[in-house]
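Below is one structure, written out as structure tokens; comments come after it.
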Amino acid sequence: MQSNDIEITLSDGGKKIFPRGATVREILAATAPGKNGWIAAKLDGNAVDLTKTVEGNASIEGIAAGSNEALVILRHSAAHIMAQAVKSIFPEARVAIGPAIENGFYYDFDVARPFTEDDLGRIEAKMKEIAAGKLPFERSEVDRKDAIRYFSETGEKYKVELLEEFTDPTVSYYKQGDFTDLCRGPHIPHTGYLKAFKLTHVAGAYWRGDERNAMLQRIYGTAFFDVEALEKYLDFLEEAQKRDHRKLGRELDLFSFSDEIGAGMVIYHPKGALIRHILESFEKREHLRRGYHIVVGPTLLKTELWKRSGHFDNYRENMYFSEIDGQSYGIKPMNCLSHMIIYKSKIRSYRDLPLRFFELGTVHRHEKSGVLHGLMRVRQFTQDDAHLICTPDQLNDEIKGIIDFVLDVMGIFGFSYEMEISTRPEKSIGSDEDWDRATKALIKALEEKGIPFHVCEGDGAFYGPKIDVKLLDALDRRWQCATIQCDFTMPERFDLTYIGPDGGRHRPVMLHRVILGSMERFLGVLIEHYAGAFPVWLAPVQAEIVTVTDAQLEFAQQVARELQERGVRVEVDLRSEKLGYKIRDAQKQKIPYMLVIGDKEVTAGAIAPRRRDGTQLSLMAPQKFADLVQKECLESSKGRVGLGTI
RNA sequence: GCUGGCGUAGCUCAAUGGCAGAGCAGCUGAUUUGUAAUCAGCAGGUUGGGGGUUCAACUCCCUUCGCCAGCUCCA
């Protein structure tokens, strides 16, 4: 029986009858009068164009301009419009793919000459022209074979390559003006919806992300529904640039790099080294109070050992080797080997387990030159690394214990984070059963903790699956810091055993984990997170003493000595500059407190503290100020670090 | 590693084949100042390194080191 009516379920749950073949636009218009802001809709959950005709009973939910889903569609359409502009200016350009991404969109092109900044301006101008033309996005469905023929004739070899891998008999085109693209859609109704956009930069990108393939030219851009949102985003980018840890690292004199020393090697200046020292001693205490043992292993280990662990076969290209007395040695890229050798240094009982070996281990990895990035990607870095060796029964509790540790520490720094599970990669060692057990153990722990996560297939370490914790930095970039890796294979390879209650030898399980990750990367993330204004417990200089005139310098130095005695990290500005000048300087250095001393203070034997946010505290004795700093250190470090405990 | 861009004083940047410069920072002097820049003077360079073209190179070419954006890869 074929009725001419269809029943549409609306987003509010109500049902309404429409003639068969009604368009989504008609349905939405009839149900939500006055709302012209629809740009697409979800038909039974799938995003479709407003021009889609509905042929049967269905549920429909409009996608309104301004929603996140609409933004993705707008940006995807912007990519098409950009491709149209590029094709009109550079007819010989071949188009590859052009999706919406997190903060915008891109499109990849195969062109003889790479795009320049000037080209971006021309393309942008052309896009504005196309937008002004309010060209409709027209969808049509074609036979896949016909599509292959069409794109072959037009020379679009990348589209042909994509089409040849598709299995659907039909595919869809989207056409606006004279530009036709292979696309699933949906799109904005017409190009006029593109009102606020900007092409941001151009860079090379491999076809299909594979470095063996041709290098294409990728143009990145972003788009919003209104100019205000675009400007807000551009301001955000500018603000984020001010927080760049490389810039702040230089301005605050924390660290530097030197071409004379080599790429990817950090030099810590006194203030940067002090922050790192504070972090490291904080970590040592946190580990000791959780039952970890601090251990120290060597930097060079015989290549023979790296062969046994599988690093030589699976990680060699990232390692440095050297020869000593005819013996080949490898510089450690990870700390696990010596920890296992320590485990094996004597017979272990089940009563000894779990054993938790912690090391601030400095490792070297030969990262490709192009990936180096400030403190975030370096070639020598120090991990807050630990290896937990336990019985299979203890595994779940140990993983949960590590997760608690991670959450505790992230809470102190105030980071938000995301968790991921990474599974077996192609290049890996161990049996499928062990991988399965290990992966399940990690998932179970996260589930029991009620922590959401998503799975990254094939992203695990070569010896085991892992939970990765990604911190979000000022640019909304995700940085992998903490990681927890479950490993059944290394204990096997190194024949780690313990004596069970039955008197027999048993195989323990090993967990590799870091909390901050690398001290280098974590410091970089911290700098951007705090925009260089470290909380008092981390600030390398907690207070700068500034005098009104040189006449108070003697008293200033006396105060400095007294505060130093009490563990306050204090400096005196000895320059005979005006007070405002010295305040400005301390402010730019983001020092938490400026202690102003004039004749009034000398007479009172006191100081006038001013916070870096500009608030003025009342006159107080140096001792009282030390108490205040102590209190603030403890508060901001959740009771872990006070004065004098570094 | 790949594609593109870049490398000038401690920092930020000028100088398009013809005398290497400015501001800030530094130093010296004057000033002795009350909450984000006092004034003056001085000094600061093998223009990342090496090679080449040229009468002449910061400038053009080659090479190497390093940096930046992205791709690929990772803490």
Side-chain angles (χ1 to χ4, degrees), chain A residues 106 108 111 113-117 200-220 244 246-247 250-251 253 256-264 315 317-318 333-335 361 363 365-385 422 425 459 461 466 468-471 479-483 485 512-522 524-525 546-553 575-589 594-601 608-612 614-616:
Chain A
Y106 68 79
D108 286 345
V111 279
R113 172 183 69 80
F115 296 116
T116 62
E117 291 296 318
T200 50
H201 55 286
V202 56
Y206 298 108
W207 167 234
R208 317 196 93 176
D210 190 326
E211 61 186 330
R212 289 165 302 195
N213 287 340
M215 175 72 74
L216 307 174
Q217 293 300 312
R218 175 172 297 177
I219 301 177
Y220 286 90
D244 190 313
R246 293 167 298 186
K247 183 177 147 75
R250 187 169 49 238
E251 288 171 0
D253 199 15
S256 66
F257 294 89
S258 155
D259 1 344
E260 290 177 295
I261 287 178
Y315 207 73
E317 60 279 11
N318 286 299
M334 301 182 193
N335 301 299
V363 298
R365 294 185 188 173
H366 182 210
E367 301 291 347
K368 290 178 182 175
S369 58
V371 307
L372 301 175
H373 179 90
L375 294 178
M376 305 301 200
R377 274 302 273 285
V378 291
R379 286 186 173 149
Q380 176 189 309
F381 56 100
T382 300
Q383 295 180 302
D384 59 333
D385 204 1
S422 296
D459 279 349
K466 56 182 182 172
D468 283 334
V469 183
K470 311 270 185 190
L471 299 188
W479 289 105
Q480 184 171 325
C481 292
T483 178
Q485 306 170 350
H512 310 239
R513 49 105 280 192
V514 291
I515 304 289
L516 305 184
S518 90
M519 304 311 291
E520 282 73 9
R521 176 176 291 179
F522 194 76
V525 175
V546 287
T547 58
V548 175
T549 74
D550 290 351
Q552 298 93 28
L553 277 179
R575 297 173 300 181
S576 49
E577 295 285 352
K578 283 167 70 171
L579 180 62
Y581 183 92
K582 290 186 275 195
I583 296 259
R584 179 171 188 270
D585 240 39
Q587 195 74 46
K588 286 204 303 182
Q589 286 295 306
M594 285 144 255
L595 308 180
V596 176
I597 295 179
D599 283 337
K600 233 186 332 183
E601 286 75 18
R610 171 195 200 273
R611 273 194 237 269
R612 65 184 155 197
T615 55
Q616 184 63 50

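Letters A, B, ... are given to chains in the order of the sequence lines, protein chains preceding strands, and every chain is numbered from 1.
Residue A/Lys578 places none of its side-chain N or O atoms closer than 4.0 Å to OP1 or OP2 of B/U35. Distances shorter than 4.0 Å separate none of the side-chain N or O atoms of A/Arg212 from OP1 or OP2 on B/G1. Within the 4.0 Å cut-off from OP1 or OP2 of B/A25, at least one side-chain nitrogen or oxygen of A/Tyr581 is found. At the phosphate of B/A75, neither OP1 nor OP2 sits under 4.0 Å from any side-chain N or O atom of A/His512. In this structure, A/Thr483 does not reach the B/A75 phosphate: none of its side-chain N or O atoms is under 4.0 Å from OP1 or OP2.
At the heavy-atom level, A/Asp385 lies nowhere under 4.0 Å from the strands shown. Among the protein residues, A/Lys600 comes within range of the nucleic acid bases, having at least one heavy atom under 4.0 Å from a base atom. Among the atoms of the strands shown, base atoms are found under 4.0 Å from some heavy atom of A/Val378. Looking at heavy-atom distances under 4.0 Å, A/Arg610 makes contact with a base. Here A/Glu601 lies in heavy-atom contact (under 4.0 Å) with a base. Among the heavy atoms of the strands lying under 4.0 Å from A/Gly370 is at least one base atom, whether or not backbone atoms are also near. Residue-level contact check: A/Gly209 touches the backbone only, with heavy atoms under 4.0 Å from sugar-phosphate atoms and none from bases. As judged by a 4.0 angstrom heavy-atom cut-off over every strand, A/Phe115 is placed among residues making no nucleic acid contact. Residue contacts shown for A/Lys247 are absent, as no nucleic acid heavy atom lies under 4.0 Å away. A/Gln480 comes within 4.0 angstrom of sugar-phosphate atoms only, judged by non-hydrogen atoms across all strands, and of no base.
Distance CD (A/Gln589) to P (B/C11): 15 Å, rounded to an integer number of Å. In this structure, the CZ atom of A/Phe522 is 12 Å from the C1' atom of B/A75, given to the nearest Å. Between A/Glu577 atom CD and B/A37 atom P the separation is 12 Å, expressed in whole Å. Rounded to a whole Å, the CD1 atom of A/Ile261 is 20 Å from the P atom of B/G48. If you measure from atom NZ of A/Lys588 to atom C1' of B/C11, you get 10 Å, rounded to the nearest angstrom. Rounding to whole angstrom units, CG of residue A/Asp253 and C1' of B/A25 are separated by 12 Å.
The nucleotide B/A57 finds no pairing partner, because no Watson-Crick or G-U wobble arrangement with both distances shorter than 3.5 Å includes it. Across all strands shown, the partner of B/C6 is B/G66, judged by Watson-Crick or G-U wobble contacts whose two distances both fall under 3.5 Å. B/A14 is unpaired under the Watson-Crick or G-U wobble criterion, no partner having all donor-acceptor distances under 3.5 Å. Nucleotide B/A25 has no partner under the Watson-Crick or G-U criteria, as no pair reaches both atom distances under 3.5 Å. For B/G34, there is no paired base (Watson-Crick or G-U wobble, both distances below 3.5 Å).
Taking atom P in both B/G7 and B/U47, one finds a spacing of 14 Å when rounded to whole Å. One P atom belongs to B/C60, the other to B/U72, and the distance between them is 33 Å to the nearest Å. On the P atoms, B/A57 is 14 Å away from B/G17, given to the nearest whole Å. Between the P atoms of B/A40 and B/C19, the separation comes to 29 Å (whole Å). Here, B/C68 and B/C55 have their P atoms 40 Å apart, quoted to the whole Å. Comparing the C1' positions of B/U38 and B/C24 gives an interatomic distance of 16 Å, to the nearest angstrom. Taking atom P on both nucleotides, B/C39 is separated from B/G34 by 15 Å, rounded to a whole Å. Here, B/G49 and B/C13 have their C1' atoms 23 Å apart, quoted to the whole Å.
At a threshold of 4.5 Å between non-hydrogen side-chain atoms, the residues A/Val548 and A/Asp599 do not count as touching. With a 4.5 Å cut-off on side-chain heavy atoms, A/Asp459 and A/Pro425 do not count as touching. The shortest side-chain heavy-atom distance between A/Tyr206 and A/Arg212 does not fall under the 4.5 Å cut-off. Side-chain contact between A/Arg379 and A/Leu372 is present, with heavy atoms from C-beta onward closer than 4.5 Å.
Here the straight-line distance linking atom CD of A/Glu367 with atom CD of A/Gln380 works out to 12.5 Å at 0.5 Å rounding.
Counting atom types as modelled, A/Glu260 pairs no side-chain N or O with a base atom of B/G49 as donor and acceptor under 3.5 Å. The base of B/G1 sits within donor-acceptor range of the side chain of A/Tyr206, with an N or O pair under 3.5 Å. Counting atom types as modelled, A/Glu251 pairs no side-chain N or O with a base atom of B/A25 as donor and acceptor under 3.5 Å. Counting distance only, with no hydrogens placed and no angle test, the side-chain atoms of A/Arg521 and the base atoms of B/C74 include a donor-acceptor pair under 3.5 Å. Within 3.5 Å, a donor on the side chain of A/Arg377 pairs with an acceptor on the base of B/C73, or the reverse.
If you check B/U72, B/A75, B/U35 against the side chain of A/Lys368, the one that comes closest is B/U72. Considering only side-chain atoms of A/Gln616, the nucleotide from B/G1, B/C65, B/U35 that sits closest is B/U35. Taking the side chain of A/Gln485 as heavy atoms from C-beta on, and the options B/A36, B/U35, B/A75, the nearest nucleotide is B/A75. Comparing B/C2, B/C71, B/C73 by their closest approach to the side chain of A/Met215 singles out B/C2. In this structure, of B/U38, B/G34, B/G66, it is B/G34 that holds the atom nearest to the side chain of A/Val548. Ranking B/A69, B/A75, B/G4 by closeness to the A/Pro114 side chain, first place goes to B/G4. Distance from the side chain of A/Ala203 is smallest for B/G70 among the nucleotides B/C73, B/G66, B/G70. Nearest to the side-chain atoms of A/Arg246 among the listed nucleotides B/C68, B/A37, B/C74 stands B/C68. Considering only side-chain atoms of A/Arg575, the nucleotide from B/G4, B/U35, B/G26 that sits closest is B/G26. The side chain of A/Val371 has B/U72 as its nearest neighbour among B/U72, B/G34, B/U35.
Along RNA chain B, the nucleotide closest to A/Ala551 and the one closest to A/Gly517 are compared, and the more 5′ of them pairs with A/Ala551. Between A/Arg250 and A/Glu211, the residue anchored closer to the 5' end of RNA chain B is A/Arg250, taking for each the nucleotide with the nearest heavy atom.
Side-chain N or O atoms of A/Lys582 include one that pairs as donor or acceptor with a backbone N or O of A/Arg575 at under 3.5 Å. Listed for the A/Thr200 side chain is a donor-acceptor partner under 3.5 Å among the backbone atoms of A/Tyr220. The backbone N or O of A/Ala461 sits nowhere less than 3.5 Å from a side-chain atom of A/Lys466 that would complete a donor-acceptor pair.
Stacking of the aromatic ring of A/Phe257 onto the base of B/G66 is not found under the criterion of centres within 5.5 Å and planes under 30°.
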Exercise. For salt bridge (Lys or Arg N to Asp or Glu O under 4.0 Å), just list the numbers for A/Glu317 and A/Arg365, CA-CA rounded to whole Å, side-chain angles, deciding distance to a tenth of an Å, and then say yes or no.
Key: CA-CA 9 Å; A/Glu317 60 279 11; A/Arg365 294 185 188 173; over 6 Å; no

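A/Arg610 and A/Gln587 share a donor-acceptor pair across their side chains, judged by distance under 3.5 Å alone.
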